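Not measured: the values here are computed from a predicted model.
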Amino acid sequence: MASLLSIALLALLASGQQSDRLKELEASLKDDIPRMLCVSQDVALGAQPSDEAFSKLAKEGFRAVLNLRTASEGADLEREAELVQKAGM
């Protein structure tokens with residue numbers, strides 16, 4: 001029983017550390033990605049990123065960008081694709 005309690009406590013501490021890390025990541029990118037929300041270490045949501053955001057995301061370990069905007073919304077999809085590729089994603 002004591003070992004089960006220890007495992008649960010360690011899991012809770014790890015969860016808190018991950019949560020702190022996600023909050024730090026959101027705070028560090030708030031000027032580059034409006035309304036950013038880190039769902040996990042691998043998935044984040046947000047409004048239109050700045051040009052500089054893509055390299056910052058790559059440095060943080062993100063590997064891909066899913067853009068849900070269309071060209072009819074005024075998004076320069078080709079430029080964004082170039083920036084994402086240049087960042088190594």
Closest non-hydrogen atom pair, [X] against [Y]:
X	Y	result
E80	F54	CG-CZ, 3.5 Å
S55	E52	OG-O, 3.1 Å
M36	A44	CE-CB, 3.8 Å
T70	S72	OG1-OG, 2.8 Å
A87	A58	O-CB, 3.2 Å

Test side-chain contact (heavy atoms from CB on, under 4.5 Å) applied to F62 and L25, step by step: CA-CA 12 Å; F62 288 91; L25 184 57; 3.7 Å; yes
Rounded to the nearest 0.5 angstrom, the OG-NZ distance for S28 and K59 is 11.5 Å
OG-CG distance between S50 and D31, expressed to the nearest 0.5 angstrom: 9.0 Å
Just so I know, are the side chains of [X] and [Y] near enough to count as touching, which here means a heavy-atom distance under 4.5 Å?
X	Y	result
L57	I33	yes
V43	S40	yes
L66	L68	yes
D51	R79	yes
D76	E78	yes

Lys/Arg-Asp/Glu bridge criterion (N-O < 4.0 Å) met for R21, E26: no
D42/R63 salt bridge by N-O under 4.0 Å criterion: no
Determine whether a donor-acceptor pair (N or O, by modelled atom type, separation under 3.5 Å) exists between the side chain of R69 and the backbone of E73.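 Flag set: sc R69 to bb E73 pair under 3.5 Å.
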Are L83 and L77 connected into the same hydrophobic cluster when the rule is that any two of I, L, V, M, F, W, Y join if their side-chain heavy atoms are below 4.5 Å apart?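 In one cluster with L77: L83, no.
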